[in-house]
Student: 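Sharing a structure below in structure tokens format, with a few things to ask.
The basis for the numbers below is simple: all heavy atoms, side chains too, and nothing from hydrogens, waters or symmetry mates. Letters A, B, ... mirror the listed sequences (proteins, then strands); counts begin at 1.
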Amino acid sequence: MSQSASLVKRLAGPSTGKAGLAQDQSEINRIIAEASKGSKFYDREKQKDKELTAKIETLLAQRDVLLARTPDLSRIEAKADQILLKLKAERDLSQTIVHFDLDSFFASVEVLNDPSLAGKAFAVGHSVISTASYEARKFGVRSGMATFIAKKLCPHLLMVDHGLTSYSEMSRKVMEICKRYDPQMCPAGCDEGYLNITAYCAERNISADDAVQHLRTAVYEETQLTVSAGIAPNLMLAKICSDKNKPNGQYHLPFDEDAIMEFMCDLPIRKIPGIGRVSERLLESIGIKTCGDIYARRATLSLMDKQFGLVYLLHKYLGIGSNCVEPPQREERKSIGAERTFAPLSDKEKIVEKLHEVCAELEADMAETQWAGRTVTLKYKLDTFEVHTRAKTCDRYLSKQEDLFAIGYELLLAELPMTCRLIGIRLTKLKDLREPSTGIRRFFESASEPLSPSKKRKIDHSVSDDDSDEGNFIAKPRSKPASSTSGSASTHPCPVCEKQVPIENDAFNAHLDSCLSRDAISQAQSATSTTPASPQQGSGNLLERWANLAPKKKTKK
DNA sequence: CACCACATC
DNA sequence: CCTCGATGTGGTG
């Protein structure tokens, strides 16, 4: 049974769709599958693939039933068309949005630190690759890939540890430069962000292309880093566009409905932020591979709105999305956690010790960020790579290591014996110790902010008033960034995690070190360990989810 | 509320 | 040490 094509693809990793390496992608996939075989990781992936395949069968069976009982498809399509008309009416081409993205950020910084790396196939990371140089990418090496697999693809691959270098410093510099083009700049991780350059261009009477070219030149001259950028009427499109001419290039999507429709038409749905591997397969199962297929299959999607989210997808098909760029607002953190991966352990004492470490880490983090929480969630990953979570909610807010450990231990005991490779503790239902009175604080916040003057539109995926029968809805978009301001007078946002950190040098530097030390495995981002911070993505942007959504709407009438 | 799946950098 | 870590959203029961 040959491992299904889907499994091979899954093993190839999440960031496979990149252009550039095309040709021997199948050979690369073969090597990856070959190297993975027999490992527990592989077994787990195989199982997940199987589960998904089963889910798809169910889905198709449902679809068939629905189609069979729906004699008049044209009527369903007409309804979808009506929604499309309504959505088109909300298209807003008035704002010029830019998404900028540093090219292989970590790797580029490493080259600056060690010029001898220039032109070589190397990757930043430990057991997992954070970022691969473009030379390494030619061999199929990608971020998120296990190092031993990468070595199979590229035997002479050089591994560079990240850490000593200051990614945050470079990130901060770049962000500062970008802010010149839009003070409301919204960072989305340490190597990318969004800008609304409408005003910038208008005031100087220059084209968006020139402004972005100017920005990219400034970044290069001041940091020696190259950036790619996308220019489009909304965040979603801008993000997709920044990838178009990726290393060191920019792409400007014409601000014209027809051009946008043409652009979307053949765009693989996987390119849409929010559509990952699983969603891609589910959609593919009903014949949707490109955004244009969304239209072709609108009847099916309409019938299976709950499973797919019709309106959400129609927005994508139309290339419509939020065009609102705002800096991260108040801290709206939902959870704080810490976790650690280690060689599989079966010994209770050893596992408990790990739990202890993680609790200590979390306590330090919470103290630093001034949070407390009521729900403790224990997370563990078995040596089979299966992940489980167990949670318990308390009456009072916790933040002390002893308390965290006590609850975590209780939750853990119920699971033993087991052999695990990761233990994590997370707190949710948070309370901000810094701002005791949320109500008051929000009051001041809103009072001091001029209610956004130029309000751009944040797309609401729900079809507003719907008319007819069951309205279909999609998940709601949300946008909220996080973190950031709020600090007391003597704090400053950390350039990496954006958390407020006491400004005194020692504390600030210590925080930076800890913040950078962990880092990133994946690409860059995140704040790390102990410090949490900005949810990047999830935040400021669009990320809407469609998975299953849909509340049923109602309201009507 | 507990748990899970998915997504992103 | 060995296929990450941190965080968010939303669905399900």
Side-chain angles (χ1 to χ4, degrees), chain A residues 11 13-15 32 35-36 39-42 44-45 48 51-52 55 101 105-106 125-131 143-151 187-192 239 272-280 282 306-307 309 332-344 362 365 374-379 381 385-393 411 421-422 424 426-429 474-483 497 518-551:
Chain A
L11 289 169
S15 50
I32 294 174
S36 305
S39 67
K40 288 183 169 152
F41 180 79
Y42 171 83
R44 177 69 185 135
E45 290 299 304
K48 284 202 261 182
E51 288 169 6
L52 183 54
K55 181 174 177 183
D101 196 337
F105 183 46
F106 285 8
H126 291 282
S127 50
V128 171
I129 296 198
S130 285
T131 307
S143 56
M145 180 179 276
T147 301
F148 78 89
I149 301 250
K151 289 269 191 183
C190 69
D191 65 344
E192 62 178 280
K239 165 119 178 144
I272 305 273
I275 301 221
R277 289 181 292 176
V278 172
S279 301
E280 177 186 35
L282 291 175
K306 278 217 172 62
Q307 292 86 352
E332 282 208 14
R333 169 117 56 149
K334 295 293 174 35
S335 72
I336 305 189
E339 59 185 71
R340 180 153 305 169
T341 295
F342 39 79
L362 182 54
D365 196 1
R374 287 181 51 213
T375 298
V376 178
T377 300
L378 169 75
K379 169 180 173 181
K381 185 188 284 181
F385 285 91
E386 279 176 276
V387 177
H388 298 284
T389 56
R390 293 291 182 269
K392 180 172 179 178
T393 300
L411 294 169
R421 55 166 14 250
L422 171 152
R426 173 164 301 279
L427 267 153
T428 49
K429 285 190 174 40
I474 273 263
K476 35 209 355 60
R478 30 164 350 232
S479 58
K480 61 201 15 125
S483 90
C497 69
R518 271 152 197 60
D519 104 347
I521 280 207
S522 28
Q523 308 204 37
Q525 108 183 330
S526 89
T528 324
S529 97
T530 352
T531 353
S534 59
Q536 336 229 70
Q537 46 212 333
S539 52
N541 336 331
L542 19 158
L543 275 213
E544 307 117 290
R545 207 179 209 62
W546 63 297
N548 316 300
L549 10 314

Student: With respect to the phosphate group of dA2(B), does any side-chain polar atom (N or O) of T377(A) fall under 4.0 Å of OP1 or OP2?
Tutor: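 False: T377(A) side-chain N/O out of range (4.0 Å or more) of dA2(B) OP1/OP2.
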
Student: Write down the distance between NZ (K48(A)) and P (dC4(B)), rounded to a whole number of angstrom.
Tutor: 14 Å

Student: Touch check for L422(A), heavy atoms < 4.0 angstrom, all strands: base, sugar-phosphate only, or nothing?
Tutor: sugar-phosphate

Student: State whether K429(A) places a side-chain N or O below 4.0 Å from either non-bridging phosphate oxygen (OP1 or OP2) of dC1(B).
Tutor: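 Yes, such a contact exists.
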
Student: Nearest-nucleotide wise, let me know which of T341(A) and P344(A) is further upstream toward the 5' end of DNA chain C.
Tutor: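 Result of the comparison: P344(A).
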
Student: Figure out the CD1/C1' separation between I129(A) and dC9(B), and round it to whole Å.
Tutor: 16 Å

Student: Is R340(A) close enough to dC1(C) that one of its side-chain N or O atoms is under 4.0 Å from OP1 or OP2 there?
Tutor: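 So the side chain of R340(A) is outside the cut-off, no N or O lying under 4.0 Å from OP1 or OP2 of dC1(C).
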
Student: Hey, does E192(A) have a side-chain heavy atom less than 4.5 Å from the side chain of F105(A)?
Tutor: no

Student: Which nucleotide, dC1(B), dC2(C), dC3(B), lies nearest any side-chain atom of A391(A)?
Tutor: dC3(B)

Student: Please determine if a side-chain N or O atom of K40(A) lies less than 4.0 Å away from the OP1 or OP2 oxygen of dT3(C).
Tutor: no

Student: What is the distance, rounded to the nearest whole Å, between atom NZ of K379(A) and atom C1' of dA6(C)?
Tutor: 8 Å

Student: Quickly work out the L52(A) CG to dA5(B) P distance and round it to whole Å.
Tutor: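 So the CG-P distance, L52(A) to dA5(B), works out to 12 Å.
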
Student: Starting at the 5' end of DNA chain B, which residue's closest nucleotide do you reach first, K392(A) or E192(A)?
Tutor: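 Nearer the 5' end of the strand: K392(A).
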
Student: Check the phosphate of dA6(C) against R426(A), side-chain N and O only, distance under 4.0 Å to OP1 or OP2. Yes or no?
Tutor: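 For R426(A), the contact criterion (side-chain N or O under 4.0 Å from OP1 or OP2 of dA6(C)) is not met.
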
Student: Among dC9(B), dT3(C), dC2(C), which nucleotide has an atom closest to any side-chain atom of D191(A)?
Tutor: dC9(B)

Student: Under 4.0 angstrom, heavy atoms only, what part of the nucleic acid is R44(A) near: base, sugar-phosphate, or nothing?
Tutor: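 Nothing, no nucleic acid heavy atom in range.
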
Student: Respond yes when some side-chain nitrogen or oxygen of T389(A) is under 4.0 Å from OP1 or OP2 of dC4(B), and no when none is.
Tutor: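 For dC4(B), OP1/OP2 do have a side-chain N/O of T389(A) under 4.0 Å.
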
Student: Check whether any side-chain heavy atom of C190(A) lies under 4.5 Å from a side-chain heavy atom of F106(A), and answer yes or no.
Tutor: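 They are in contact (side-chain heavy atoms under 4.5 Å apart), so the answer is yes.
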
Student: Among dT7(C), dC6(B), dC3(B), which nucleotide sits nearest the side chain of E339(A)?
Tutor: dT7(C)

Student: Whole Å only: how far is the NZ atom of K381(A) from the C1' atom of dC4(C)?
Tutor: 7 Å

Student: Can you name the nearest heavy-atom pair linking V128(A) to T147(A), along with the distance?
Tutor: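 What the structure gives for the nearest pair is N-OG1, 3.5 Å.
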
Student: K379(A): what forms a salt bridge (Lys or Arg N to Asp or Glu O under 4.0 Å) with it, not counting sequence neighbours?
Tutor: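 Here the qualifying residues are E339(A).
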
Student: With respect to the phosphate group of dA2(B), does any side-chain polar atom (N or O) of T393(A) fall under 4.0 Å of OP1 or OP2?
Tutor: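 For T393(A), the contact criterion (side-chain N or O under 4.0 Å from OP1 or OP2 of dA2(B)) is met.
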
Student: Within this structure, what is the CZ-to-C1' distance between F342(A) and dC4(C), rounded to whole angstrom?
Tutor: 13 Å

Student: Are R426(A) and S335(A) linked by a side-chain donor-acceptor pair shorter than 3.5 Å?
Tutor: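 Note: R426(A) and S335(A) side chains meet the donor-acceptor criterion.
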
Student: With sequence neighbours left out, what residues match T375(A) under side-chain contact (heavy atoms from CB on, under 4.5 Å)?
Tutor: T377(A), A391(A), T393(A), T428(A), K429(A)

Student: Kindly point out which of dT7(C), dC6(B), dC2(C) is positioned nearest to the side chain of V278(A)?
Tutor: dC6(B)

Student: Would you please confirm or rule out a distance under 4.0 Å between OP1 or OP2 of dC9(B) and any side-chain N or O of K239(A)?
Tutor: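 Yes.
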
Student: For dC3(B) and H388(A) - does any side-chain N or O of the residue sit under 4.0 Å from the phosphate oxygens OP1/OP2?
Tutor: no

Student: Compare the minimum distances between each of dC1(C), dG5(C), dT7(C) and the side chain of S335(A), then state the nucleotide with the smallest one.
Tutor: dT7(C)

Student: Rounded to whole Å, how long is the line connecting atom CD of E386(A) with atom P of dC6(B)?
Tutor: 14 Å

Student: What integer distance in Å separates K306(A):NZ from dG10(C):C1'?
Tutor: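 Rounding to the nearest Å, NZ of K306(A) and C1' of dG10(C) are 15 Å apart.
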
